[in-house]
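Computed from heavy atoms alone, side chains included, the values below leave out hydrogens, waters and symmetry copies. Just so you know, ligand 1 is whichever comes first in the structure, and atom 1 is the first atom listed for that ligand. The model shown is predicted, which means the values in this text are computed figures rather than measured ones.
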Amino acid sequence: MSYRAPVAEMVFAMRHVAGLDRAIAEELHGDLSLDLVETILEEAGKFANEELAPLNRSGDLEGLAFKDGAVAMPRGFKEAYRAWTAAGWNALPGPEAYGGQGLPTLLNSACVEMWNSACMSFGLAPLLTMGGVEALAQHGSDELKGRYLAKVVSGDWTATMNLTEPQAGSDLNAIRSRAERASDGTYRITGSKIFITYGEHDMVDNIVHLVLARLPDAPPGNRGISLFLVPKFLVNPDGSLGARNDARAHSIEHKLGIHASPTCTMVYGDKGGAVAYLVGEENRGLACMFTMMNLARLAVGLQGVGIAERATQQAMAYAQERKQGRAIGAKDSSPIIAHPDVRRMVMTMRALTRAARAICYATAAAIDASHGDGDAAKAASERAALLTPVAKAFSTDIGVEVASLGVQVHGGMGFIEETGAAQHYRDARIAAIYEGTNGIQALDLVTRKLPLAGGDAVRSYLDDLRRTVKAVRAANDPAFGLTGTRLAEAVDSLERATTWLLARLEREPQAAQAGATPYLRLFGNAAGGCMLADEALAAVRRTDPSAASRIGIARFFAEHLAVQASGLERAVTEGADIVNADAALG
Ligand SMILES: Cc1cc2nc3c(=O)[nH]c(=O)nc-3n(C[C@H](O)[C@H](O)[C@H](O)COP(=O)(O)OP(=O)(O)OC[C@H]3O[C@@H](n4cnc5c(N)ncnc54)[C@H](O)[C@@H]3O)c2cc1C
């Protein structure tokens, strides 16, 4: 089934959850206007619908060919990538000094969602390249930026992120790749990395690998890791490509999904050492990599939204077309959307997708507002830090759930590959694993983000959620049903669980960690529910034609999904003992 980028829906979420109107009015993004945002997103949608979406199934079926260290992409990918970069899409968020358009993360987030909805395997290449731009722009020396950045901003060259080694996945302290200082100020890298996305491919002339490695005199642990730029081809001072570097792909993985995205084992320095350039300072590599990883985490969250959106569109179309059984009171066979259980499934898909989109866009807006100095930028930076793990993990968890519901709505046809519903489910699965597993995101939220500003960052967020609850109640509109009550209960649960965790972080870290994942889900439920209510209230205020359906989605979320909050709260506050005992594993 084809994909239609939901541009109007995206713009609505950007304006009424992510504060786009205010940002434009305050000239946070220079002279960016709403018209321009809409035009850009319409064009992006056209590209996603017409050029990328058709590659999704063919790329999945054809897969990749690996021979003598080279990866051949499936038919059509190279041409689509070149047309995509030529149209300027890679450069959209890049720094203007290096040929980028300097447009906001929020606007790019909507585009990232589209690329990944249309074809997640394709979307992964720019996802990492844009992260590479960020790391280089913020931490690279002027010389390094001068030689590499413009090509990576344009997408003429792609970038990779090389963290993982067989013994170092979630635990980057265990990295063993070595870096030696060379006499000319460069470095030589030896070691191997596994699972490197787009580590090798034939869509571009050069690949810029960002590699974590240790210097011989580095302190142990994560304070001894440095970040290096290792090009596939060395670059001459005039910008032309020079010799092939001592860096190659040894093999590619055979995977559950994203069959058209090359996941490579990379070998560095088996001919004496790959020429490398330091990014940032020695031993400060993890901090530099985190610059890249925070944006990449948001982008992976958007992959979850993208897959969920496409699965929802497909399930909705199938449910309207497929006839089976008679709905209560009907004379003839009915489309399955007439059956309450199918309606429930499709509504769940739609509500979760929109909630995750709203959380991701709010995170993107906070990132945009965090640039600069002053109290407002500091508060925005804390908000972005708080929401990033939720954007990543909630959105990718629901990506899997929504894609699974999509299979279910299709019945047996969902299990058969031809419909494409099964591919969404297979593709969605990885997003909960890479860029820091969702378990690691939950730990990040609980152990690093809750204590931000002495707990004030999360408390100020809770205040914002309460304002929404109050506004729903004040609207006093019967169409909202129990929305106000259920959201108030969800926010109460989130507040109690937050207080419980903050009190235990130091005293009983085992107990706090045991509740991290249910807490993150509770956070996503309360935040997502309130954001859908914000959208509904905005539509009512504006007498927008979508008001009734927005109230419907907000109400469904509150009455069917936000109600899970009290159970999640209990899992956090009452469920730690059994997790930390051995009984259930015996
Ligand atoms: C298709 C694909 C593409 C990838 N692309 C890249 C890439 O481009 N670059 C790159 O560097 N890496 C990449 N990765 C690697 C990916 O980021 C790692 O697989 C991921 O970080 C998890 O590491 P691991 O596989 O070693 O799992 P492990 O770290 O062994 O984790 C196994 C399980 O234990 C849990 N766990 C581990 N430690 C803890 C802890 N302290 N507390 C609680 N739970 C814990 C995890 O949550 C997980 O559930 C990719 C992986 C795949 C499959």
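The distance from atom CZ of Arg521 to atom CG of Leu568, rounded to the nearest 0.5 Å, is 7.5 Å.
Taking the ring centre of Phe233 as origin, the terminal cationic atom of Arg244 falls inside the region bounded by 6.0 Å and 45° from the ring axis.
For Tyr461 and Phe523, the ring centers are positioned less than 6.0 Å apart.
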Are there any protein N or O atoms under 3.5 Å from the N or O atoms of ligand 1? List them with distances, or say none.
from: ligand 1; atom 1: 5 (N); to: Phe195; atom 2: O; distance (Å): 2.8
from: ligand 1; atom 1: 5 (N); to: Thr197; atom 2: OG1; distance (Å): 2.7
from: ligand 1; atom 1: 8 (O); to: Thr197; atom 2: N; distance (Å): 3.0
from: ligand 1; atom 1: 8 (O); to: Thr197; atom 2: OG1; distance (Å): 3.2
from: ligand 1; atom 1: 9 (N); to: Met161; atom 2: O; distance (Å): 2.7
from: ligand 1; atom 1: 11 (O); to: Met161; atom 2: O; distance (Å): 3.4
from: ligand 1; atom 1: 11 (O); to: Leu163; atom 2: N; distance (Å): 2.8
from: ligand 1; atom 1: 11 (O); to: Thr164; atom 2: N; distance (Å): 2.9
from: ligand 1; atom 1: 11 (O); to: Thr164; atom 2: OG1; distance (Å): 3.1
from: ligand 1; atom 1: 12 (N); to: Thr164; atom 2: OG1; distance (Å): 2.7
from: ligand 1; atom 1: 14 (N); to: Phe195; atom 2: O; distance (Å): 3.4
from: ligand 1; atom 1: 29 (O); to: Ser170; atom 2: N; distance (Å): 2.9
from: ligand 1; atom 1: 29 (O); to: Ser170; atom 2: OG; distance (Å): 2.6
from: ligand 1; atom 1: 47 (O); to: Thr437; atom 2: OG1; distance (Å): 2.6

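Using a 4.0 Å cut-off between charged nitrogen and carboxylate oxygen, Arg188 and Asp246 do not count as a salt-bridge pair.
Ring geometry for Tyr81 versus Phe122: interplanar angle of 30 to 60°, hence tilted.
Under a 3.5 Å cut-off, the side chain of Asn580 and the backbone N or O of Gln510 do form a donor-acceptor pair.
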